[in-house]
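A short worksheet on the structure shown next.
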Amino acid sequence: MSQDETTTTNFIHEIIDADLASGKRTEIVTRFPPEPNGYLHIGHAKAICLDFGTAEKYNGKCHLRFDDTNPEAEDEEYVQAIQEDIQWLGFDWGENLYWASAYFDTMYEYAVRLINKGKAYVCELTQEEFKDYRSIPTEPGKEPPGRDRPIEENLELFEKMKDGGFEDGACVLRAKIDMASPNLHLRDPALYRIKRATHHNTGDQWCIYPMYDFAHCIEDSIEGVTHSMCTLEFEVHRPLYDWILQTLDVFQPQQIEFSRLNLTYTVMSKRKLLELVNEKLVSGWDDPRMPTLCGMRRRGFTAAAIRKLCGIVGITKVESISEIELLESCVRDDLNETSPRAMAVIAPLKVIIDNYPDDLVETFDLPNHPKKEEMGTRTVPFSRELWIEETDYTDMPLNNKYKGFAPGREVRLRGAYLATCTGVEKDADGNVVSIACTYDPESKGGSAPDGRKVKGTIHWVSAAHAIDAEIRNYDRLFTAENPLANKDADFKTLINPDALTIGTAKLEPGLAQAKPGSRYQFERVGYFCADLDHTPETPIFNRTLTLRAPRK
RNA sequence: UGCCGAAUGGUGUAACGGUAGCACUAGUGACUCUGACUCACUUAGUCUAGGUUCGAAUCCUAGUUCGGCAACCA
């Protein structure tokens with residue numbers, strides 16, 4: 001993306017600078033390698049910005065590669081959604097779309113090569129049995145039986161695995177490394193397992209599938225990836241990544257780890273998000289409360305804001321939790337610049353302008369943006385009866401910051417007239433039913449010829465013209481800063497019951513024509529976007545965020 | 001208790017032996033036809049203890065704390 005967003009330097013770029021300077025690399029190739037087993041979330045956005053942003057910075061390439069080595073969890077649905085989300089974020093892989101599954105033949109050959117080098121063997125231990133052999137971190141493991149099987153026999157057995165001669169789980173192909181290694185991942189890790197599952201790409205062609213550790217480094221190597229960025233939990237896998245490629249004697253990319261993005265009041269694990277979807281605690285992956293890219297998109301967050309966040313949080317190896325306020329700030333910042341203004345009343349109170357003609361309807365052309373004339377104007381009708389916010393009337397102002405109506409008080413009806421409150425009607429319980437006022441016909445447009453100032457400007461909607469809309473108010477999904485902090489408690493009990501509240505609003509009529517997904521600032525209220533299900537007949541708006549600084 | 005990694009204001013991040021800066025948050029004020037935006041100001045930081053050096057967040061030593069790793073997941 002653009003320079004200001006993702007091209008701030010970081011420790012990885014320093015490594016790349018050094019590689020370029022030393023001549024170790026002459027061009028840069030990165031990759032974003034999602035497994036198509038779920039939807040992308042804002043944590044992935046950080047990786048995407050890094051992977052694609054780095055390629056852009058160095059005039060290199062970034063591959064989109066689906067790491068589809070485990071058919072059980074994977075699905076075409078996710079393949080489509082992932083591509084859509086990356087494009088929405090603003091990145092383009094161009095020609096460079098790859099599949100781990102397209103390398104299954106090569107991977108098989110490589111496995112055979114390892115066997116021929118005496119570096120891999122077929123192991124018939126069950127998972128449980130092998131656990132015992134591997135032992136625990138503080139104690140060396142012991143060598144499994146069959147570890148020193150002749151190469152010929154391993155070749156035969158492995159072929160038999162491939163040809164379906166074994167039941168699922170009967171055996172695995174293991175790397176022969178070091179059962180006493182202090183790094184557990186080097187204690188003869190599994191390379192291939194038998195799994196009769198239909199693959200979304202290769203169908204039933206294979207009944208053995210490579211494990212991540214074997215597959216990923218080979219994928220990177222085949223594609224000529226120079227710098228393979230991944231998150232911190234793979235740090236302990238790096239020696240294995242290097243071992244496989246060195247033993248195979250093939251092109252060796254450099255794996256570099258950085259810390260994931262964490263946000264307060266959010267969970268970022270795919271597994272946990274899936275739980276929320278499966279248990280119907282949210283409406284789906286694109287529920288606007290979700291930290292998924294499609295959820296945030298539906299909520300009204302912009303791609304630019306998410307990219308900006310990724311630039312700001314930076315790339316380090318420090319495990320950190322960023323405050324959600326930072327994301328919200330990025331979103332408001334972008335929305336303030338880009339979203340047209342409109343008037344909407346969420347808690348309506350009727351105002352009757354006593355001296356305004358009964359049958360008159362005026363229209364005002366109001367600017368779509370207070371500071372951007374190029375964004376044009378829209379036409380808003382005005383008549384004798386209006387809706388204003390009930391919070392914009394009080395019998396007795398509590399402090400001098402109060403902006404609304406009070407008996408005898410003059411305020412500006414935004415873009416229309418100055419009006420003075422002359423009376424209030426209450427029901428038997430003392431609740432305000434409506435208020436009365438008189439307007440100053442000389443103040444058309446909002447300023448009086450005598451130049452007098454008023455304390456406040458309030459928004460309004462003509463009662464005769466207002467359209468009713470459903471408003472979905474979204475808030476943080478969890479009530480705890482870190483919903484996973486207490487490992488004994490179920491994070492789902494910390495879901496914020498008010499993360500979605502449904503309300504209604506009176507909208508200026510033009511909003512009926514809003515395109516689904518289009519964003520607005522409802523002045524003095526917040527940022528909203530027309531929901532995917534919005535129609536002119538049944539208007540639905542999602543509250544993206546409130547305006548900053550709630551009233552006090 | 002094994003291996004790997006990380007420690008800078010409340011949060012995130014800069015500094016690459018030479019003035020600890022920026023952003024978010026919080027607070028105060030100014031401005032305002034949005035209690036928004038904008039602007040100004042304030043609070044607040046180098047994990048600890050030694051050492052090297054004219055000078056250390058940065059280099060060295062020893063600790064402390066936190067995180068990751070024992071799927072036929074990725």
Side-chain angles (χ1 to χ4, degrees), chain A residues 8-10 14 33-35 37-38 67-70 72-74 123 125-127 130-131 134-141 168-174 181-187 189-195 208-209 211-213 215-216 230-239 257 259 261 264 270-271 309 312-330 332-333 336-337 341 343 366-367 369-371 401-404 411-416 418 445-447 453-454 456-459 481 521-527 546-552:
Chain A
T8 49
T9 191
N10 56 56
E14 286 173 10
E35 184 188 16
N37 68 345
D67 203 4
D68 51 353
T69 58
N70 182 11
E72 275 172 350
E74 296 156 11
C123 172
L125 253 24
T126 65
Q127 210 171 150
F130 183 74
K131 249 179 158 172
R134 184 179 42 213
S135 189
I136 55 173
T138 47
E139 311 238 336
D168 283 16
C171 50
V172 296
L173 183 72
R174 289 191 184 287
S181 170
N183 181 344
L184 276 314
H185 294 276
L186 260 20
R187 319 247 269 223
L191 267 24
Y192 264 94
R193 78 283 215 185
I194 304 170
K195 185 175 284 205
I208 58 170
Y209 291 96
M211 300 289 295
Y212 166 85
D213 283 312
H216 203 90
C230 62
T231 46
L232 247 27
E233 69 269 25
F234 292 103
E235 221 156 13
V236 285
H237 294 241
R238 191 181 345 117
E257 309 84 12
S259 56
L261 174 67
T264 54
K270 236 188 235 180
R271 218 198 86 241
L309 173 81
I312 288 175
V313 297
I315 302 293
T316 68
K317 299 186 77 133
V318 184
E319 308 207 34
S320 56
I321 304 180
S322 294
E323 291 174 337
I324 190 86
E325 286 86 347
L326 185 55
L327 202 215
E328 293 172 348
S329 163
C330 292
R332 287 194 181 99
D333 204 39
N336 179 48
E337 289 294 314
R341 310 294 130 125
M343 291 193 287
L366 302 184
H369 191 112
K371 291 176 180 170
K401 288 189 170 178
Y402 177 72
K403 304 275 191 178
V411 304
R412 175 163 34 238
L413 297 166
R414 176 113 163 118
L418 299 182
S447 357
K453 302 279 187 205
V454 291
T457 299
I458 66 172
H459 60 284
E481 267 201 16
Q521 185 200 91
F522 292 173
E523 286 185 304
R524 303 209 303 143
V525 180
Y527 295 101
T546 60
L547 256 30
R548 203 172 66 87
R551 300 178 197 182
K552 282 181 202 153

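Below, chain A is the first sequence line, B the second, and so on; all start at residue 1. Computed from a predicted model, the values in this text were never measured in an experiment.
- Stem list for RNA chain B (at least 3 consecutive Watson-Crick or G-U pairs, distances under 3.5 Å): B:2-7 with B:64-69, B:10-13 with B:21-24, B:26-30 with B:38-42, B:47-51 with B:59-63.
- A donor-acceptor pair is defined here as one N or O able to donate and one able to accept, closer than 3.5 Å; such a pair exists between the side chain of A/Arg187 and the backbone of A/Ile136.
- Using a 4.0 Å heavy-atom distance criterion, A/Thr264 is classed as making no nucleic acid contact.
- Across B/A62 and B/G5, the matching P atoms stand 15 Å from one another, rounded to whole Å.
- Set against B/G35, B/A74, B/G12, the side chain of A/Asp67 has B/A74 as its closest nucleotide.
- Nearest heavy atoms, A/Ser322 versus A/Val313: OG-CG1, 3.5 Å.
- In this structure, A/Arg271 does not reach the B/C73 phosphate: none of its side-chain N or O atoms is under 4.0 Å from OP1 or OP2.
- One N or O on the side chain of A/Ser181 and one on the backbone of A/Asn183 form a donor-acceptor pair closer than 3.5 Å.
- Residue A/Arg524 places no side-chain N or O under 4.0 Å from the OP1 or OP2 atom of B/A36.
- Within the nucleic acid shown, A/Ile321 comes within 4.0 Å of sugar-phosphate atoms alone, with no base atom in reach, counting heavy atoms only.
- When heavy atoms are screened at a 4.0 angstrom cut-off, A/Tyr209 is found touching no nucleic acid atom at all.
- The distance from atom CZ of A/Phe130 to atom P of B/C72 is 8 Å, rounded to the nearest whole Å.
- B/G63 and B/A6 have their C1' atoms separated by 16 Å, with the value rounded to a whole Å.
- For A/Glu325 and B/U11, a side-chain-to-base donor-acceptor distance below 3.5 Å is absent, hydrogens and geometry of angles not being considered.
- Contact annotation: A/Arg134 reaches the phosphate of B/A71 (side-chain N/O to OP1 or OP2, under 4.0 Å).
- Side-chain atoms of A/Arg193 do not come within 3.5 Å of backbone N or O of A/Asp168 as any donor-acceptor pair.
- Taking both residues in full, the closest heavy atoms of A/Val525 and A/His459 are given as CG2-NE2, 3.8 Å, listed atom of the first, atom of the second, then distance.
- Relative orientation of the A/His185 and A/His237 rings is tilted, given thresholds of 30° and 60° on the angle between their planes.
- B/G51 and B/U43 are spaced 35 Å apart, taking the C1' atom of each and rounding to whole Å.
- Here A/Glu35 does not pair with A/Lys270 in a salt bridge; the nearest charged N to carboxylate O distance is not below 4.0 Å.
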Classify every nucleotide of nucleotides 63-69 of chain B by which part a protein heavy atom approaches to under 4.0 Å, writing B for the base, S for the sugar-phosphate alone and - for neither, in 5'-to-3' order.
----SBS
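- Nucleotides B/G35 and B/U19 place their P atoms 44 Å apart, quoted to the nearest Å.
- With both ends at atom P, the span from B/G17 to B/C60 equals 12 Å, rounded to whole Å.
- Remark: the backbone N or O of A/Glu523 is not paired with any side-chain donor or acceptor of A/Arg341 at under 3.5 angstrom.
- A/Val172 comes within 4.0 angstrom of a base, heavy atoms only.
- Panel note: side chain A/Thr457, backbone A/Arg412; no donor-acceptor pair is recorded below 3.5 Å.
- Applying the 4.0 Å criterion to OP1 and OP2 of B/U32, one finds that A/Lys453 has every side-chain N and O outside that range.
- Classification of B/A71 as syn follows from a glycosidic angle within 90° of 0.
- For the C1' atoms, the distance from B/C54 to B/A44 is 31 Å, rounded to whole Å.
- B/G68 and B/A49 have their C1' atoms separated by 28 Å, given to the nearest Å.
- Nearest-nucleotide positions on RNA chain B place A/Phe522 closer to the 5' end than the other of A/Gly169 and A/Phe522.
- Among the heavy atoms of the strands, none lies under 4.0 Å from A/Lys270.
- Within the nucleic acid shown, A/Leu125 comes within 4.0 Å of at least one base atom, counting heavy atoms only.
- For B/U32, the OP1/OP2 oxygens have no side-chain nitrogen or oxygen of A/Arg414 closer than 4.0 Å.
- A donor-acceptor pair under 3.5 Å is formed between the side chain of A/Ser259 and the backbone N or O of A/Thr316.
- Comparing the P positions of B/G45 and B/U11 gives an interatomic distance of 12 Å, to the nearest angstrom.
- Within the nucleic acid shown, A/Gln521 comes within 4.0 Å of at least one base atom, counting heavy atoms only.
- At B/C37, one or more side-chain N or O atoms of A/Arg548 fall inside 4.0 Å of OP1 or OP2 (strictly under the cut-off).
- Between A/Thr138 and B/C3, a side-chain N or O to OP1/OP2 separation shorter than 4.0 Å is absent.
- For A/Glu35, taking side-chain heavy atoms from C-beta onward, the closest of the listed nucleotides B/G12, B/C73, B/A71 is B/C73.
- Taking 4.0 angstrom as the limit, A/Gln127 places none of its side-chain polar atoms (N or O) nearer than this to OP1 or OP2 of B/A71.
- Within the nucleic acid shown, A/Arg238 has no heavy atom closer than 4.0 Å to any nucleic acid atom.
- Map A/Arg332 and A/Pro34 each onto its nearest nucleotide of RNA chain B; the residue landing nearer the 5' end is A/Arg332.
- In this structure, A/Thr316 reaches the B/U13 phosphate: one of its side-chain N or O atoms is under 4.0 Å from OP1 or OP2.
- Nearest to the side-chain atoms of A/Ala190 among the listed nucleotides B/A70, B/C72, B/A36 stands B/C72.
- Among the protein residues, A/Pro239 comes within range of no part of the nucleic acid, since none of its heavy atoms lies under 4.0 Å from any strand.
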